Amino acid sequence: MIKINENYLKLQASYLFAEIKNKTAAYQAAHPEKEVIKLGIGDVTRPLPQACIQAFHRAVDEMADAKTFRGYGPEQGYAFLRDKIAHHNFQSRGLDISPDEIFVSDGAKCDNGNIQEIFATDIKIAIPDPVYPVYVDTNVMAGRTGSFNRGRYDGIVYLEGKQENGFIPDLPQEKVDLIYLCYPNNPSGATITKSALKEWVDFARDNKALILYDAAYESFIRNDELPKSIFEIEGAREVAIEFRSFSKTAGFTGIRCAYTVVPKSCIAYTGDGAKQYLHALWYRRHSTKFNGVSYPVQKAAEAVYSEEGKLQTKELIDYYLKNAALIRREMASLGFDCIGGGNSPYIWINGRSESWKFFDLLLEKAAVVCTPGVGFGKCGEGYIRISAFNDYDKVGEAMARIKEALRA
Ligand code: PLP
């Protein structure tokens, strides 16, 4: 008899975006004359930078010629891309990361999900709340949690984000083995300082734990004091793995290219306490189950590091940051407490009412779609997330409508 992985039955229906879609469709059907402005989903809206498009085209042409055609590439990613990533994102900033510590992949989402395969099932995991849901669900699938009770899975240590701690959770009071951190944060837009991140690195070192650091939004950091990488923190090379992506940096959400940094000195332990280097395990997993990102996509990603590419990606992020600044300014002017938006594309707003009630209000009164914070975890109740991924004019129009609606 073929049996299923029953852990899948513990998963809660992820109804957040489905419910947003249903409510939006119902509103639109009732008000066909209104243009609904969507500031909900975290997907980019601007086209790819020209430098990437040109490199993409050239690479496709190479595939059309027998002399330059390429079949399977290296599973870990072409050296031309890994060298550029290591140089531009790490070494030129004084960080000790080499090209062979970088694993190019088709997404930070996949990597975040896949990485936990190299850890034991009986480890204790600590996950922030509110949170990017992938960290929780992939661990449920792997059997690292109990069942779902009153909004939470048994067995997970939830790291609570609150107004009082600025959505930077306190260190756990108990011993944990695997810690998920994400900065700039999705959904809260919060950023972490070097000294706060150092506390996490020290905690991981003291507890023989490991940090999975999701830096998918690092390109939105404009304050030089804030860390773009966990490897800016002394001691992190032994206790952290970092995820990065071209999705938000260069508009690659539909193209798919990301990378994971696993330092060669990063360690975990066997059941009897022997040290094991994680680089070797991840290399084995990646090369066994993955056949590499396509050549044209890696060429397009490489172009991000050309002189034009750097300028164009900066312009792209500047565009979204201008939207974010506008959202934050306008929502704050209405008296709402806001987090994020200065160095992140998300603005996390205390709506002073239940998340879904505030969502309904904005939809009904302003025809603007946001994301209810409670969809990201218990601690998100009372908040909404507004995303800066849209056209500037539309964001301006959305803010004008919200102002009018809330002042009425
Ligand atoms: N990590 C975080 C925190 C995200 O918010 C997202 C996408 O929204 C991802 C990872 C996914 O990145 P990718 O498109 O590279 O899979």
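All of these numbers come straight from a predicted model, not from anything done at the bench. We count ligands from 1, going down the list as the structure has it; atoms in each ligand are counted the same way.
- In terms of polar-atom proximity, defined here as any N/O pair under 3.5 Å, Lys109 does make such a contact with ligand 1.
- Residue Thr253 places no heavy atom under 4.0 Å from ligand 1.
- Lys248 NZ, 3.3 Å is the protein heavy atom nearest to atom 7 (C) of ligand 1.
- Phe246 does not count as a contact of ligand 1, since none of its heavy atoms falls under 4.0 Å from the ligand.
- Checking Ala108, Gly113, Pro187, Cys257 against atom 13 (P) of ligand 1, the nearest heavy atom belongs to Ala108.
- When non-hydrogen atoms are compared, ligand 1 lies under 4.0 Å from the side chain of Tyr217 (C-beta onward) but not from its backbone.
- In terms of protein heavy-atom proximity, atom 16 (O) of ligand 1 is closest to Arg256 NH2, 2.8 Å.
- Glu62 and Lys299 are not joined by a salt bridge, as no carboxylate oxygen comes within less than 4.0 angstrom of a charged side-chain nitrogen.
- Among the atoms of Asn186, some N or O lies under 3.5 angstrom from an N or O of ligand 1.
- Near Ser245, meaning under 4.0 Å from any of its heavy atoms, are these atoms of ligand 1: 13 (P), 15 (O).
- Among all non-hydrogen protein atoms, the one lying nearest atom 3 (C) of ligand 1 is Asp214 OD2, 3.3 Å.
- The CG atom of Asn112 sits 5.0 Å away from atom OH of Tyr135, with the distance rounded to the nearest 0.5 Å.
- Salt bridge absent: Lys378 and Glu381 never bring a charged side-chain N and a carboxylate O closer than 4.0 Å.
- Within the listing of ligand 1, atoms 3 (C) sit less than 4.0 angstrom from a heavy atom of Cys182.
- The backbone N or O of Pro128 sits nowhere less than 3.5 Å from a side-chain atom of Glu160 that would complete a donor-acceptor pair.
- Near Gly107, meaning under 4.0 Å from any of its heavy atoms, are these atoms of ligand 1: 15 (O), 16 (O).
- Here's the thing with Asn112: none of its N/O atoms is less than 3.5 angstrom from an N/O atom of ligand 1.
- Ranking protein heavy atoms by distance to atom 9 (C) of ligand 1, first place goes to Tyr132 OH, 3.2 Å.
- A donor-acceptor pair under 3.5 Å is absent between the side-chain atoms of Ser306 and the main chain of Glu302, judged by distance alone.
- In this pair, Tyr305 and Phe246 present their aromatic rings perpendicular. The plane angle is above 60°, beyond the 30 to 60° band.
- Remark: of the listed residues Tyr346, Phe243, Tyr320, Tyr346 is the sole one forming a ring pair (Phe, Tyr, Trp, His ring centres under 6.0 Å) with Tyr217.
- Proximity to Ser247 (heavy-atom distance under 4.0 Å) selects the following atoms of ligand 1: 13 (P), 14 (O), 15 (O).
- Between Asp391 and Arg46, at least one side-chain N (NZ, or NE/NH1/NH2) sits under 4.0 Å from a carboxylate O, which counts as a salt bridge.
- Comment: Arg222 engages Asp318 in a salt bridge, judged by a side-chain N to carboxylate O separation of less than 4.0 angstrom.
- For the salt bridge (Lys or Arg N to Asp or Glu O under 4.0 Å) with Lys194, the qualifying choice from Glu234, Glu225, Glu199, Glu232 is Glu232, the only one to do so.
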